[in-house]
Amino acid sequence: MARNRNREEEDASIDMTPMLDIVFIMLIFFIVTTSFVKEAGIQVNKPEANQANKEPSANIFIAIRDTGEVWMDKRQVDVERVAANLERMLAEQPTDLVVIQADKEAEHGRVVEVMDQIKEAGIDKISIAAETN
């Protein structure tokens, strides 16, 4: 009688291995396909534009404050180091578009310096962020 009870308990158990395999495969799939956005880390007062368009595939943002400070990946960087930091970020997550979030009071020359650094890193598509009216 005891043997039959042990055999019934063994037969009644559910093998969880296939379900765990599926869960881990789904987890890996979602991690690999997730797009991580590299935000600048600060808020700026963007200029207003009537014809502003939304760029859907931007992953890297560079912010320029009205004081001329440049922010990337939630930290302040020197203008001369933008290209090096951008190359590091591109190694982690390749993209072909960078968005500059320049304050409306930022100097035009500083924005051009940042654009030069972005082109030096090998990115030709640069977008300037603006608020819509």
Side-chain angles (χ1 to χ4, degrees):
M1 216 33 147
R3 282 187 171 171
N4 286 341
R5 186 177 302 158
N6 286 341
R7 181 174 283 172
E8 288 176 8
E9 288 177 4
E10 287 177 12
D11 291 342
S13 67
I14 298 173
D15 187 17
M16 298 296 286
T17 307
M19 186 176 77
L20 289 174
D21 288 345
I22 291 172
V23 169
F24 283 127
I25 289 171
M26 288 174 56
L27 179 67
I28 291 170
F29 172 76
F30 288 122
I31 289 173
V32 169
T33 59
T34 301
S35 173
F36 298 102
V37 176
K38 301 287 186 179
E39 294 185 10
I42 61 168
Q43 292 289 334
V44 294
N45 296 323
K46 295 176 238 165
E48 294 183 0
N50 292 328
Q51 302 297 320
N53 295 335
K54 171 120 174 73
E55 285 290 342
S57 63
N59 293 334
I60 298 176
F61 293 86
I62 301 174
I64 304 172
R65 282 194 159 164
D66 56 348
T67 59
E69 297 174 351
V70 178
W71 286 74
M72 294 177 66
D73 201 16
K74 299 180 183 172
R75 60 189 174 86
Q76 184 178 351
V77 296
D78 292 331
V79 176
E80 296 81 20
R81 302 294 303 154
V82 169
N85 283 304
L86 193 55
E87 288 172 357
R88 178 186 53 81
M89 292 167 75
L90 289 172
E92 295 172 7
Q93 184 176 7
T95 185
D96 63 342
L97 174 67
V98 172
V99 175
I100 297 177
Q101 298 173 321
D103 192 282
K104 62 183 175 183
E105 301 295 325
E107 292 182 8
H108 181 73
R110 179 65 70 173
V111 175
V112 171
E113 289 176 8
V114 171
M115 290 174 73
D116 285 342
Q117 289 289 313
I118 293 170
K119 289 195 179 259
E120 185 178 314
I123 298 208
D124 292 326
K125 289 179 68 177
I126 301 171
S127 181
I128 306 290
E131 294 287 332
T132 56
N133 286 340

Next item on the list: Could you pull out all residues at least two apart from D66 that satisfy side chain to side chain contact (heavy atoms under 4.5 Å, CB included)?
Entry: D103, E105
Margin query: Could you check whether any side-chain heavy atom of D73 comes within less than 4.5 Å of a side-chain heavy atom of N85, counting everything from C-beta outward?
Written below: no
Next item on the list: Can you tell me which residue pairs pass the salt bridge (charged side-chain N to carboxylate O under 4.0 Å, His left out) test with a partner in residues 109-121, sequence neighbours excluded?
Entry: R110-E113
Margin query: So which atom in A121 and which in A83 form the shortest heavy-atom distance, rounded to 0.1 Å?
Written below: CB-O, 3.9 Å
Item checked: Separation of R88 CZ from M72 CE (nearest 0.5 Å) -> 7.5 Å
Note to self: To the nearest 0.5 Å, what is the distance between CD1 on I25 and CG on D21?
What the structure shows: 6.0 Å
Note to self: Would you say that more than 12 heavy atoms from the other residues, nucleotides or ligands in this model lie under 6.0 Å from the CD of Q76, or not?
What the structure shows: yes
Check: Which atom pair, heavy atoms only, marks the closest approach of V111 to A102?
Finding: CG2-CB, 3.9 Å
Margin query: Suppose we screen for side chain to side chain donor-acceptor pair (under 3.5 Å). Which residues come up paired with T67, at least two apart in sequence or across chains?
Written below: none
Next item on the list: Measure the CG-CG distance between N59 and L90 for me, rounded to the nearest 0.5 Å.
Entry: 10.0 Å
Notebook entry, point to check: Roughly how far apart are Q101 CD and I62 CD1, rounded to 0.5 Å?
Noted result: 9.5 Å
Check: Do you know the tightest heavy-atom contact between I123 and K125?
Finding: CG2-O, 3.4 Å
Checklist line | Remaining members of hydrophobic cluster (4.5 Å side-chain criterion), M26 | finding: I22, F29, F30
Next item on the list: Provide the closest heavy-atom pair for I118 versus L86 in the form atom of the first, atom of the second, distance.
Entry: CA-CD2, 3.8 Å
